[in-house]
Amino acid sequence: MRFDVVTLFPDMFGTVRDLGVTGRAHAQGLWALHAWNPRDYTHDVHRTVDDRPYGGGPGMVMMAAPLEAAVDAAQAGRAGQGLAPAPVVLMSPTGRRYDQQYAQSLAAGSGAVLICGRYEGIDQRFIDRCVTDEISLGDFVLSGGEIAALAIIDAAVRLLPGALNDGESALQDSFHDTLSGLLDSPHYTRPEVHAGQAVPAELLSGHHANIARWRRQQSLRLTAERRPDLLERARANGWLTPADERYLATLGA
């Protein structure tokens, strides 16, 4: 998998390239990162990438031409490796909400070209001509798209086979299909008693079926309490079993 990032701040992406799970996966060759700075595709001494908005108003707008040239270079680089053209994804408050299912779809593909905007916005003509997808992390505003792109890369790369020390770990993540899209259950480790609070007896039983049932019920309980929207989606998709529904009935959910 290859991610190409169009950004004015390529150094920000050293965190996912060099550190932690994603850094180890990068060193193993499981994925590749290429950054493209729009300033490298300008033709004036000041390397200008933004200008005042037509119609007036505060802030500056990123110009279409440098961004488009950077995307063309990224796609040409991918073609040179025998890769098909990648989706061009803009970090944008108007985009669809990024979720685990989207991360899984990225991990199953060959990557994407991520566009990190800055300033007041991006010339709409670039969006109309080049962008295939728009993604939002949520209903808040960042100074630029870089932090959102870092999150997108991290969430997708950790799903690649071999990225995690234990390949089963990702299957137990909150929102994953193996959990019916629900929240994960609580986790405990040593010591058995901390600050007067003991590890739940079910986890100490050594009875795998009982442990699995406890974890499933805790997942259902947490989701019902904190993200009932996820519970309703799971119910609508037919992901809940009769045993799930019986347990939820005891919770009044």
Side-chain angles (χ1 to χ4, degrees), residues 1 20-22 25 87 89 91-109 112 133-140 148 150-253:
M1 182 170 67
V21 168
T22 55
V89 183
M91 311 300 105
S92 168
T94 65
R96 62 163 285 187
R97 183 74 62 88
Y98 191 57
D99 56 21
Q100 191 71 9
Q101 285 67 44
Y102 202 121
Q104 288 172 216
S105 70
L106 284 176
D133 301 273
E134 298 184 39
I135 290 178
S136 170
L137 292 191
D139 297 340
F140 55 92
L150 287 167
I152 286 165
I153 293 171
D154 184 280
V157 168
R158 67 188 306 278
L159 296 175
L160 295 176
L164 299 175
N165 288 328
D166 186 340
E168 297 296 313
S169 293
L171 302 181
Q172 301 303 316
D173 287 341
S174 293
F175 315 115
H176 198 279
D177 289 349
T178 56
L179 284 181
S180 307
L182 306 178
L183 299 179
D184 194 6
S185 63
H187 297 275
Y188 298 85
T189 188
R190 291 175 178 83
E192 187 175 321
V193 178
H194 171 71
Q197 184 178 3
V199 174
E202 291 86 350
L203 298 179
L204 303 174
S205 68
H207 193 295
H208 296 300
N210 287 348
I211 291 170
R213 180 168 58 252
W214 182 88
R215 286 177 170 159
R216 179 66 175 186
Q217 290 178 349
Q218 292 304 303
S219 174
L220 290 163
R221 179 185 61 79
L222 278 174
T223 305
E225 290 175 356
R226 304 184 186 183
R227 289 294 305 275
D229 58 307
L230 297 178
L231 193 64
E232 290 308 313
R233 186 181 69 173
R235 185 172 278 136
N237 287 330
W239 294 340
L240 300 184
T241 68
D244 292 337
E245 293 290 7
R246 286 193 297 271
Y247 177 73
L248 288 169
T250 69
L251 302 177

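- Although no hydrogens or angles enter the test, the distance criterion places no donor-acceptor pair under 3.5 Å between the side chain of Ser136 and the main chain of Arg97.
- The two atoms that bring Leu137 and Ala151 nearest to each other are CD1-CB, 4.1 Å, heavy atoms only.
- Here the CG-CG distance, from Leu222 to Leu182, works out to 10.0 Å after rounding to the nearest 0.5 Å.
- To the nearest 0.5 Å, the span separating OG on Ser105 from CG on Asp133 amounts to 9.0 Å.
- Under a cut-off of 6.0 angstrom, the local environment of CG in Asp229 is crowded, with over 12 non-hydrogen atoms contributed by other residues, nucleotides or ligands.
- Judged purely by atom type and a 3.5 angstrom limit, Tyr247 has no side-chain atom pairing as donor or acceptor with the backbone of Leu220.
- Between the side chain of Ser92 and the main chain of Thr94, a donor-acceptor pair closer than 3.5 Å is present.
- With no hydrogens or angles considered, no side-chain donor-acceptor pair links Arg215 and Gln218 at under 3.5 Å.
- Scanning both residues, Ser180 and Ala234, for their nearest heavy atoms gives O-CB, 3.5 Å.
- Here the closest non-hydrogen pair linking Leu160 and Ala107 is CD2-O, 3.5 Å.
- A 6.0 Å sphere centred on CZ of Arg226 holds no more than 12 heavy atoms belonging to other residues, nucleotides or ligands.
- The shortest distance between side-chain heavy atoms of Leu231 and Leu248 falls below 4.5 Å.
- Counting only residues at least two apart or in different chains, side chain to side chain donor-acceptor pair (under 3.5 Å) contacts with residues 230-239 comprise Glu232-Arg235, Arg235-Glu245.
- Looking at every heavy atom in both residues, Asp154 comes nearest to Thr22 through OD2-CG2, 3.6 Å.
- Expressed to the nearest 0.5 Å, how far OH of Tyr102 lies from CD1 of Ile135 amounts to 3.5 Å.
- Within the structure, side chain to side chain donor-acceptor pair (under 3.5 Å) contacts touching residues 194-205 (residues at least two apart or in different chains) do not occur.
- Distance check, rounded to the nearest 0.5 Å: CD of Gln100 to OH of Tyr98 gives 8.0 Å.
- Between the side chain of Thr223 and the main chain of Leu183, a donor-acceptor pair closer than 3.5 Å is present.
- Atom CZ of Arg216 sits about 6.5 Å away from atom CG of Leu240, to the nearest 0.5 Å.
- Residue Val157 comes nearest to Ala163 through the heavy atom pair O-CB, 3.3 Å, listed as atom of the first residue, atom of the second, then distance.
- Distance CG/Asp99 to CD/Gln104: 8.5 Å, rounded to 0.5 Å.
- Of all heavy-atom pairs spanning Gly206 and Ile211, the tightest one is N-CD1, 4.2 Å.
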